[in-house]
Structure formats: C-alpha cells, structure tokens
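Read through the structure below, which is laid out as structure tokens, and then see the notes.
Order of the sequence lines fixes the chain letters, A, B, ..., with proteins taken first and strands second; residue numbering starts at 1 for each chain.
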Amino acid sequence: MSKQEKTEVLSAPEQPRDRERYEAQRIEQKWFDRWQEQPEMYRAEPATSARKKYYVLEMLPYPSGALHMGHVRNYSIGDALARFMWMKGYNVLHPMGWDAFGLPAENAALKNNTPPREWTLNNVENMKRQMKRLGFSYDWNTEVTTCLPDYYRWNQWFFLKFYERGLAYRRKSKVNWCPECATVLANEQVVNGCCWRHEETQVEQRDLEQWFFRITDYAEELLRDIEKLEGWPEKVRTMQRNWIGRSEGAQVEFRVADSEEKITVFTTRIDTIFGATSLQLAPEHPAVSRLIGNDPELLTKLDAIVDEQRRAREAGTIGETEKHGFFTGAYAINPFNQEKLPIWVANYILMEYGTGAIMSVPAHDERDYEFAKKYDIEIRIVILPRRHEESRPEEATLPYTAMDSLLINSSEFSGLGNQEAIQKMTRHAEEKGFGKGTVTYRLRDWGISRQRYWGTPIPMLYCEKCGIVPVPEKDLPVLLPDNIEITQQGGSPLARVPEFVNAKCPKCGGKARRETDTMDTFVDSSWYFYRYTNAKLATAAIDSKAVSYWFPIDQYIGGVEHAILHLIYSRFWTKVMRDLGLIKNSEPVERLFTQGMVIKNGAKMSKSKGNVVSPDDMVGRYGADSTRVYALFAAPPDRDLDWQENGVEGVSRFLAKVHRLVTRYAALQNAKSAAGDGRPSGRVSSSVARDLERKLHQTLRRVSTDFEGRWHFNTSIAAIMELVNAISAADSQIVSGEVSPQQVRLMLRDLVLMLAPFAPYISSELWENLGERSQLLRESWPKFDPELAREEEIEIPIQINGKNRSRIIVPAGLPEADVQARALADEKIHALLEGKSVVKVIVVPDKLVNIVAR
RNA sequence: GCGAAAGUGGCGGAAUUGGCAGACGCACCAGACUUAGGAUCUGGCGGGUAAAACCGUGAGGGUUCGAGUCCCUCCUUUCGCACCA
C-alpha cells in the first residue's frame, strides 16, 4: 500500500487543497484522543535504567480552579525542555502534582457551600484536563496530590522525625489574627495591615502557642551552600543570602546600676564601645517593665511605642518612622570603662533581632546619631580615618562608620586598627566574663501552626497527665475529618469536632486532646519532588534508591515569587532528610530557572484590572500549539511577556504555513516516487538546493545551541520561521525537482523534529503526513553539520572612517590581505578616496573593512 | 535609602565575543489572485530626502579605526530588601 493511499484512508475523500489547510482543532483532537490511549507514553524508565537521567520539574500549582497564562508559560518552557531531552536520548522524569491544601478552599467552601475537599478535587480535575489539552508531557502515573492522606501522612511522619530530633518544638509567639475571618493569617496574607479578604479590617497581633521547625539550626549550612548553587540565578542567591542575614559580632553584658538586672546587647562594632553614650531597648524587651516599674507616665509612653511599632510592622512602613523614645530613669554600667549610661526605650529597636537591646554609639551609627541629636545625648568620637591628621572628622561628617579606621579615646585599645580592635576587645570581654563573640541571623524559626481546617493535622496529643505526646507512627495518618462545617467562628475549625479532638493518650491510656492546628502548606511543597520518584510507595515517604538515581533535580522552573520561602524551606527539608539518613544529596536542585510574568497592556493579569486572558479561550480559538508557541516566541523566557492576541494569530498563521508546505511536498513526493521519478542523485546540485541545505543546518545549529545555552526560545522559533520562509521562497525549484525530493524530504523531517518540542500536536500530524510511524518523542534530535552550515560567500560592507560606503562579495575565509586589496579596488571606494591618503585599513575577516583616510 | 535588572521603530522583540542596528513576528500601506476575504501570494515599512547626504538604540560626556554593546555622570521603569544594631 502506498503512503498516499494510506493518507487517503485516514482522511477520507478530501480535495488536495483541503488537506493542506491547517485545522488546529481537528488535528489536536485526533492526537489528543490517541495519546489518551497511551498513558505510558511519557513514563520514565525505572531507576535501574542505564540511560542518563534528566529530571525536569515545574513548580506544582495550587488548584485554584483553572490554569492562568503564567502556568501555561511555565509549563510550555518545561515541556519544550523535557521533549528536547527525550529526543536527546535521556531518561526523562517530568512529573506534575497539586499543592492542594490551603485557605482558598475554605473560603470557597464558605461562599459556595461546597466541602473544601470536593472543591479542590474538582479543580484538580479541571486543571488536569487543561494540561492534557495543552499537550504537556507529564507522566500522570507519578501524580502527587498533597491533600490526600497517602501524601499528608508523610508530612505527619516527617513531623514526628523532626520532633524526635528536637527540630520541631512548641512555644508562644505572635501571630496575625483577622477578627473577621477568626483565624490566623500568614504574613503574606496581611496587606497594608489589613486582612486580604477584609480590606477594611485591621489585623491584630495575638500571642498563641505555636509549633516551630528549627530551621535556624541549619542557617549556617543554608548560607554556605548557596555558594554551590551555580546553576541558580544570582538574584535568587542574593535574596536567600539576605533572608538568612548572617552577621558576626559580639554580645556584651551591661549591669544595671543599683539593681540585679543585666542587659545583654548585640553589636557588630564592639570596637566603638567607648563611644557608647546610652543603651537603647526595644519596647518589648523584658527588662523594660522592671526598669520603669509602674510609673504611669512612662507606661503610657511605652504603650504608645509598642502600638506604633506594631502598626508600622503591619503596614510595612517600619524603618520610615521618625525615631523617638524615652529615658527609663535607670543607668547601665559600661563594662569596659565602668561609665554610667542612661537606659532608654526607643522605637527603632526591634525585639526580634539580636537581643532587642543595643549600645548606642551616636558618633558612629546613623540611627544612633539621629536619635542622639533629637534628645541631646552626648556624641563621642572614638574612631578616626587612618590618615586622621589630614581629615579629622568634623561634626558635619558624622556619623563616621568606615571599617578602615583607628581607635582613639578607647583606653588601652586606642591606636589599634578597628579590625584588630574587634578581635582584641571581644577576647577581653570573654576573658572578663561579660561578653562573647557571636553570630546573629535574620532568619527566624519556621512557624508552621495554622488555625485552619484545610491542611495536614499536626500529629500531636496533649495528655492531662503526660503532657505533649506524639502520635505513634503506627497510628498515622491522623485523618482530616470530612464532615466539618466551615463557619466564621473563631479558633481552629478542628477544635469543634469532638470525635477528632478527643483521643486516648498512647502512653498512659488516659484522656488526651488532639492538636487542632494544621500545618503550613509550605510543608507540603518542601519535599513533594522526592515523592514523584515513587509516588505510590505505601511503606515510606520516599524511595531512597529512586531518589539517589533521580536527584538532584536537573532543572527546576518556576516563578521568582518563590525565590525565598519555598526554595529555602525545600533546601532545609533536604538537609534534614539527609541527616535522617534518607537521602545522600544536600541540595535538591541543580539548576533553577525563574521565568518572567505574563502581563497584558503593561500590567499583571488580574481580575480587578479585567485584563485576564484565559488559556481555554486561547486553545479554543487558536489551538494548544499556537498558544504554546506564542508563549515562547513573544519574549525570552526570563523576561516579562506582554500577551498580544494578534501575536498568537501570527503564530497560528506560521503553523498553517508549515502545515501547508509539509503536506504539499509530502504529497508531491509520494506522487513522484509512485511514478518512479525523482530518485535522489545523492548530491546537492543546484545553488538553491545548496542554499536551502545551508539554511537548514544553520537553523539546526541555532535551535540546538539555544536549548543547550541561553534558552532564548524566541530566537529559536524565529530561526525556524526563517527556514520556513526560505523553503517557501524556493517553491518553484522544489516543485520542478531542482531541489531533489530526497533533500526536500530530509529537510521537512528535520523541520518537524525541530518543531516537536514546541508544538507537539502539529508535529505529530506532520510526522505522520511524511509517512513516519514512529513515536516522535523518541526520535533523535537532528544533528547539524558545521561544514554544511558554513557560508561560502559573504557580503561585507566597506567603510571609510566608520561609515558604510560600499559592499563587496568575498569567499568566506578569504585572507585579510586579499580582502583589503579587493576593498581598495572597489570602484566606489576608489572614487571616494580620490585625493585622500589612506592612513590605515582595518579588516575584520568575514565581517567588514574599515578604511581610515584623511 | 541599599541592591539587582532593564530602557532599541507604531508594538513584542533581534543583534552570543566592541564590527552592516532593527532578524522574526504584529500592526500598517500598495499590489496580485478572487463571487468574497479576517484566506493566500508579492512588494514596502526608524526619521529624513525627488534621490542622496545626513540623523538615529533614555540624556550627557569619554575610550576606540569602529560603541546598542566598554568606562564615567545623570534620568526613568520594574523587582527585591529595608530602623538588622
């Protein structure tokens, strides 16, 4: 049976013209149906495979209801890469899952009276349908849904392991509380001091008992290992460094005069301690109340500062408020010189950083300077620039903070360079027992308790006799009850389910109360990518063997908004898993890529702006291929992308052109081979044929190097468009047979192969039209031949004094001297140089000639 | 305030190392084919000119035979951090 006959069996009685028409919906539906019948198609080989592995991962979405364009862009990048790596012969793991716990499900439940579970799983179904329709090559056998017990039970298991190691602990802490929602809010859900859902409602700070993970134990390693993350964007590495915020310094203990009280300050500049002229405490510092006693005036002032700080913190304006404070009436003794320093309370001191107390050195710290100026506190200069004879700091140059300076007025330390002084003075403090060198981090322990329903129950019990008791491993999972009424009442919803709350103590058998808080959803996403490697494993959280084959993740792709939280938690979790002996790697992700946002009319897509473009709409109108190709073509993937619908239309026209060409020439060839005509000569003969061959190999080169290097898929696609334009321009030579049918065929094959990572539907269709029956995904990526890609003749400009004056055509690689001779011999140039003297001729081989003349 | 990235036609963007600025696409204009066109094909398309010259990559300086690209000063936009002691 000839190929032509086959085609006709498949697509019934069509006219040739019709067959060339690109019907995206029909083609996509056809392949969609076929792919549905092959669920194993995107399945990776098992971890025992000898093939080189490649793990490409896109950040799993929250099942909010429907995909948005940001998702489509993210997954189009990942899918192009996954398909490319498959074609390069790698064993590719390309999974997808759902970050399915979280507050929106509860809000939706309130609004529509749908249980969170049902709402979430419906959304999952819909979004999975969208992903499949878009043709993303996910292996759905490894799907992970975090709200299902077979996943979250391992969150609970990890929690127990953390608890055993002292990495999970409970303490009282401040939380954001929305009185309207009657729940705790995450920091991200507080917008300008108000609840994100109730924009009029001020968020309150409440003290609650909370569970924490001791991420600060890993602060040092998390910081150090950032150096190893060479495949991460520098921006993300910097953000993580700042977030951890390591600073080296010393703690110094000050006695309070006429009291038992001692106040420890943290400073990075112990070298300036002789310049300290007061102590400043955070308003919430525990010593404050003891120092001011019940002086009503001071108490009022204190309350005002506490209040002000809280509001500034909520509004995000902390740092902008004018500095002020009050004198407590008490004095502290500087342990270095026994001087009495007044103790103040100041609004610019934060309880959560360092020790919540500082020594104030107005001469050498901007903030202290501002404060001292306001309250007329003494300003004492104790360091000077090294060449201080010439530049003794005047009042106007204060505060003077340079690290390269000399100490003065500092007793026996005077004359030391300040680096040396820091060391000596720290040692002095240690020897005398009133201080020590120490390191402080900005990073706080990770508070994971949420007073919400839709999350992983924390597997802990409170026994009247035994206190805090972990749920035994064998009793996991602690199931989230289904039959719960979501209301706006206060407290954890689970606390209102007696069957859940009331339990037996596993230690003494007595009455116990279950923990009713659930875990932060960032717990779910901290380790999900390990689960993908053996998602159905029932006996353990992860399959260590599979993990050691697949990890680290070769390429992780997602939005930059996760640069800190998700990615730092994931790194932390990995290190803990390593210390638990579960895995060998210390970092989860080898290379990270952060794609730009999708915007429309210059603004981020949002419902309130009314500029949302729905993927379903795009797919319905132009097809998945056009939507995907446009998402990659409109901008380089790391930059923001401005969505323009007629751009999608342009891409669709391009695909239609490809479809027309390939289908037409495939039919032509079939006709020729049926007629025994057009047997290839094997050699490319005509110049048009040679030009096409060169263009093909240049295109292959550009697309291949873009995949391996810069990921500028916009230029890859532009290159393919150029190739298609070139083929189309050679139409008459192709039809006439001047370009051999064999060459045309090979060229079309390569064209389709190059398009395959970007536009899987049309590529599969055209592959079939070319008479191929193999699975496109497993075809090997075409190699380019540098010899064939080489230009033979190059047109180069000739400049006189940097201005283009003529052009000549020279053979590629012509020696400089010959190029120069030809340039000078050029008629136009010759005429223009009349009466001038040539000073110098610069020849850039294969690029240009510049004649410097006077 | 600190840090990072970016600024190129009417628009999205190209120019990987200092070497023809504006690839590719959109929009627009003219034409061809057509009963029809939101299909397809051909040509044009930074400003300027009859054509040239000339001008042109946020602004101003500099280095160089040559600068979108390197250096200095400044402006604008976006993002991140922000009383971190």
Could you tell me whether the side chain of A:Lys840 has a donor or acceptor atom within less than 3.5 Å of a complementary atom in the base of B:rC65?
-> no
Separation of the P atoms in B:rC55 and B:rU49, to the nearest angstrom | 16 Å
Interatomic distance at C1', B:rU17 relative to B:rC70, whole Å | 13 Å
Using a 4.0 Å heavy-atom cut-off across all strands, classify [X] as base, sugar-phosphate, or nothing.
| X | answer |
| --- | --- |
| A:Lys600 | nothing |
| A:Asn347 | base |
| A:Ile720 | nothing |
| A:Gly245 | nothing |

Hey, do the aromatic rings of A:Phe707 and A:Phe713 have their centres closer than 6.0 Å?
-> yes
Which heavy-atom pair separates A:Ala332 from A:Leu279 by the least distance, and what is that distance?
-> CB-CD2, 3.6 Å
State, to 0.1 Å, how close A:Pro283 and A:Val306 come at their nearest heavy-atom pair, and which atoms those are.
-> CB-CG2, 3.7 Å
Contacts of A:Asp731 meeting salt bridge (Lys or Arg N to Asp or Glu O under 4.0 Å) (sequence neighbours excluded), chain-then-number -> A:Arg664
Listed nucleotide nearest any side-chain atom of [X], set [options]:
| X | options | value |
| --- | --- | --- |
| A:Met721 | B:rA85, B:rC24, B:rC26 | B:rC24 |
| A:Tyr348 | B:rC81, B:rC83, B:rA27 | B:rC83 |
| A:Val852 | B:rA27, B:rC65, B:rA85 | B:rC65 |

Contact pattern, 5' to 3', of nucleotides 28-52 of chain B - B, S or - by protein heavy atom under 4.0 Å = -----------SSS-----------
For nucleotides 18-23 of chain B, just jot down a letter per nucleotide in 5' to 3' order: B, S or -, based on protein non-hydrogen atoms under 4.0 Å.
-> -BB--B
Quickly work out the [X] [atom1] to [N] [atom2] distance and round it to whole Å.
| X | N | atom1 | atom2 | result |
| --- | --- | --- | --- | --- |
| A:Leu350 | B:rC83 | CG | C1' | 6 Å |
| A:Asn242 | B:rG80 | CG | P | 13 Å |
| A:Ile244 | B:rC81 | CD1 | P | 14 Å |
| A:Leu632 | B:rA14 | CG | P | 13 Å |
| A:Ile727 | B:rC24 | CD1 | C1' | 16 Å |

Are A:Asn725 and A:Lys657 close enough, and set up right, to give a side-chain hydrogen bond (donor to acceptor under 3.5 Å, both in side chains), and what steps lead you there?
-> CA-CA 9 Å; A:Asn725 290 344; A:Lys657 191 167 180 176; 3.1 Å; yes
Return no unless some side-chain N or O of A:Arg805 is found under 4.0 Å from OP1 or OP2 of B:rG66.
-> no
Strand contacts (RNA chain B) in residues 271-283 of chain A, 4.0 angstrom heavy-atom criterion | none
Going by number, which of residues 232-241 of chain A have a non-hydrogen atom under 4.0 Å from RNA chain B?
-> A:Lys235, A:Met239
A:Lys323 to A:Tyr348 six-membered ring, cation-pi geometry met (6.0 Å, 45°) = yes
So does A:Arg591 have more than 12 non-hydrogen atoms from other groups sitting under 6.0 Å from CZ?
-> no
Fit a plane to each ring of A:Phe593 and A:Trp711, take the angle between them on a 0 to 90° scale, and name the class: parallel (under 30°), tilted (30 to 60°) or perpendicular (over 60°).
-> tilted
Please work out the stems of RNA chain B from pairs that are Watson-Crick or G-U wobble with both distances under 3.5 Å, keeping only runs of three or more consecutive pairs.
-> B:1-7 with B:75-81, B:10-12 with B:24-26, B:28-32 with B:40-44, B:58-62 with B:70-74
